[in-house]
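Start at 1 and go down the list; that is how both ligands and their atoms are numbered. Because only heavy atoms are used, hydrogens play no part in the values below, and waters and symmetry mates are left out as well, while side chains stay in.
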Amino acid sequence: MKTRILTLTPENGEEAARIAADVLAKGGLVAFPTETVYGLGGNALDETAAERIYQAKGRPSDNPLIVHVGSIPAVRPLVKRIPRKASKLMKAFWPGPLTIIFEKSGLVPERTTGGLKTVAVRMPSHPFANLMLKTSPVPVAAPSANKSGRPSTTNAKHVIEDLNGRVDLIIDDGNAPIGVESTIIDLTGPVPVLLRPGHITKEELEAVIGPVETDRAVERESIISKQTETVRPKAPGMKYRHYAPKAPLTVVSGTEENMKAYLSSQSDKKTGILTVEERRDCFPEAFAVLTAGKKNDVLSMERELFDALREFDALPVERIYAEDLSKYGAGEAVMNRLLKAAGGTLINV
Ligand code: TXA
Ligand code: MG
């Protein structure tokens with residue numbers, strides 16, 4: 001398949017949105033920017049389009065897709081009911097990086113929801129995504145626009161790497177401003193449950209709707225003890241090996257001095273190190289030192305983590321050590337993705 005690549009300019013947004021909406025209406029696939037990561041979109045109400053998404057990504061088809069909408073009223077036909085807490089969250093955080101799980105209506109095919117009776121819905125704030133979704137006659141199912149298992153894509157170069165020739169259209173709008181996928185909250189049970197940490201924190205959610213539980217499978221301890229097989233995650237996607245660079249990655253945790261001493265003793269010309277900008281020059285023995293943001297700047301870490309993981313793949317490193325970024329103020333979202341990229345391998349030094 002020939003993939004058309006369309007770069008956004010200050011003038012062509014509306015035209016690009018019309019072109020994208022037209023591809024989607026005809027059952028085609030469009031990779032598009034959102035404020036979190038790039039998405040790989042198709043008509044959420046069309047089983048064949050959903051099937052094409054799974055194929056393009058190489059994704060197991062029991063892993064449900066998030067349905068993207070351009071307005072709050074567009075949620076109504078997709079779901080059985082809208083709980084009061086969902087209304088509050090939509091009012092507080094939409095458009096924005098929050099995905100809400102509802103009981104699905106008959107309109108949404110099980111092909112889209114991986115066989116589940118529930119549906120994940122999100123309204124992105126990215127201006128192009130929002131315009132495209134308002135222009136599109138159908139809601140848009142969109143997983144992150146990466147090959148299954150690889151780090152999510154935060155710019156069009158990475159999307160092209162993974163999906164060129166596998167989708168009809170790629171919309172290029174530079175770097176995604178947040179860089180980690182949306183927070184997911186499940187409102188279908190008696191207590192709200194956080195299924196995936198993201199830029200919107202559990203505390204921010206609790207300030208609006210009261211107590212929120214965290215699915216055990218996404219807690220740091222569960223990932224480190226590699227319990228994802230036994231503690232079945234409620235978001236099926238969280239059980240798969242994810243975000244991993246090609247070389248094996250180990251997270252190293254301790255005081256700043258201990259991490260430096262350990263990493264210096266382990267480093268050689270085959271080693272890559274992931275740290276924060278302030279520590280770039282601390283590891284002269286290593287082949288490459290890449291950074292994911294600055295100390296105590298949560299957003300910079302979110303924005304740069306996936307890029308750094310992908311950058312390692314272009315280098316001849318045989319092993320990668322990442323410093324425990326929580327020591328530098330990283331939030332839950334970054335730590336969750338980093339530990340998953342490491343397959344739960346963490347050593348305390
Ligand atoms: O920020 C984002 O959410 C991005 C952009 C493109 O919007 N999308 C994204 O989609 O991250 P994806 O497919 O890579 O991750 C979706 C996650 C998976 O872990 C999946 O299992 C979970 O959401 N999920 C989807 N529908 C679900 C449902 N009905 N119940 C529980 N988990 C669900
Ligand atoms: Mg994904």
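- Atom 26 (N) of ligand 1 has its nearest heavy-atom neighbour, among Pro64, Pro97, Ala176, in Pro64.
- In terms of protein heavy-atom proximity, atom 32 (N) of ligand 1 is closest to Ala235 CA, 3.3 Å.
- By heavy-atom distance, the residue among Thr188, Ile101, Ile178 lying nearest atom 28 (C) of ligand 1 is Ile101.
- Not a single heavy atom of Lys104 lies less than 4.0 angstrom from ligand 1.
- Heavy atoms of Ile184 found under 4.0 angstrom from ligand 1 belong exclusively to the side chain.
- Interface atoms of ligand 1 facing Lys234, defined by a heavy-atom separation under 4.0 Å, are 31 (C), 32 (N).
- Residue Val180 places no N or O, backbone or side chain, under 3.5 Å from any N or O of ligand 1.
- Of all protein heavy atoms, the one lying nearest to atom 20 (C) of ligand 1 is Asn63 OD1, 3.3 Å.
- Ring centers of Phe128 and Phe32: at least 6.0 Å apart, outside the cut-off.
- Among the atoms of Lys57, none of the N or O lies under 3.5 angstrom from an N or O of ligand 1.
- Interatomic distance, CD of Glu221 versus CG of Leu339, reported as 9.5 Å (0.5 Å rounding).
- The shortest non-hydrogen separation linking Ala292 to Val276 is O-CG1, 4.2 Å.
- Between Met90 and Val75, the closest heavy-atom pair is SD-CG2, 4.2 Å.
- With a 4.0 Å cut-off on non-hydrogen atoms, Leu40 does not touch ligand 1 at all.
- Below 3.5 Å of separation, one finds no N or O of Glu181 facing any N or O of ligand 1.
- For ligand 1, the polar-atom distance check against Ser182 finds a nitrogen or oxygen pair separated by under 3.5 Å.
- Remark: Glu110 engages Lys117 in a salt bridge, criterion side-chain N to carboxylate O under 4.0 Å.
- With a 4.0 Å heavy-atom cut-off, ligand 1 is reached by no atom of Thr113.
- The pair Arg52-Asp46 does not count as a salt bridge, with every side-chain nitrogen at least 4.0 angstrom from each carboxylate oxygen.
- Screening Arg279, Lys260, Arg280 for a salt bridge (charged side-chain N to carboxylate O under 4.0 Å, His left out) involving Glu323 leaves a single residue, Arg279.
- Taking every non-hydrogen atom of Leu116 and a distance limit under 4.0 Å, the qualifying atoms of ligand 1 come out as 28 (C), 29 (N), 30 (N).
- Heavy atoms of Ala142 found under 4.0 angstrom from ligand 1 belong exclusively to the backbone.
- Side chain to side chain, Thr154 and Asn175 fail the donor-acceptor criterion of an N or O pair below 3.5 Å.
- Nearest heavy atom pair, residue Leu194 against residue Val218, reads O-CG2, 4.2 Å.
- Atom 15 (O) of ligand 1 has its nearest heavy-atom neighbour, among His68, Arg196, Glu35, His199, in Arg196.
- Scanning the protein heavy atoms around atom 9 (C) of ligand 1, the nearest turns out to be Ser144 N, 3.7 Å.
- Remark: Asp186 does not engage Arg196 in a salt bridge, criterion side-chain N to carboxylate O under 4.0 Å.
- Scanning the protein heavy atoms around atom 5 (C) of ligand 1, the nearest turns out to be Thr36 OG1, 3.6 Å.
- Among all non-hydrogen protein atoms, the one lying nearest atom 4 (C) of ligand 1 is Val37 CG2, 3.8 Å.
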Worked verdict on Arg319 versus Asp268 for salt bridge (charged side-chain N to carboxylate O under 4.0 Å, His left out): CA-CA 10 Å; Arg319 57 184 159 267; Asp268 60 21; 2.7 Å; yes
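- A donor-acceptor pair under 3.5 Å is absent between the side-chain atoms of Thr250 and the main chain of Tyr321, judged by distance alone.
- Within the coordination shell of the Mg ion (ligand 2), defined by N, O or S atoms under 2.8 Å, Ser144 is present.
- With distances taken over non-hydrogen atoms, the option nearest atom 16 (C) of ligand 1 out of Thr34, Ile66, Thr112 is Ile66.
- Within ligand 1, counting atoms from 1 as listed, the ones closer than 4.0 Å to a heavy atom of Ala120 are 25 (C), 26 (N), 27 (C), 29 (N).
- Residue contacts with ligand 1 for Thr118 involve both N, CA, C or O and side-chain atoms from C-beta outward (heavy atoms, distance under 4.0 Å).
- Close approach of ligand 1 to Gly39 (heavy-atom distance below 4.0 Å) involves ligand atoms 6 (C).
- Counting heavy atoms from C-beta on, the side chains of Phe93 and Glu204 come closer than 4.5 Å.
- Looking at Ile209 and Ile185, their side chains come closer than 4.5 Å, going by heavy atoms from C-beta outward.
- Looking at atom 19 (O) of ligand 1, its nearest protein heavy atom turns out to be Gly237 CA, 3.2 Å.
- Applying salt bridge (charged side-chain N to carboxylate O under 4.0 Å, His left out) to Asp162 and the options Lys157, Arg59, Arg310 leaves one that passes, Arg310.
- Among protein heavy atoms, atom 13 (O) of ligand 1 sits closest to Arg59 NH1, 2.8 Å.
- Residue Thr34 forms a side chain to side chain donor-acceptor pair (under 3.5 Å) with just one option from Glu181, His68, Arg122, and that option is Arg122.
- Every atom of ligand 1 with a heavy atom of Leu195 under 4.0 Å away is listed here by number and element: 31 (C).
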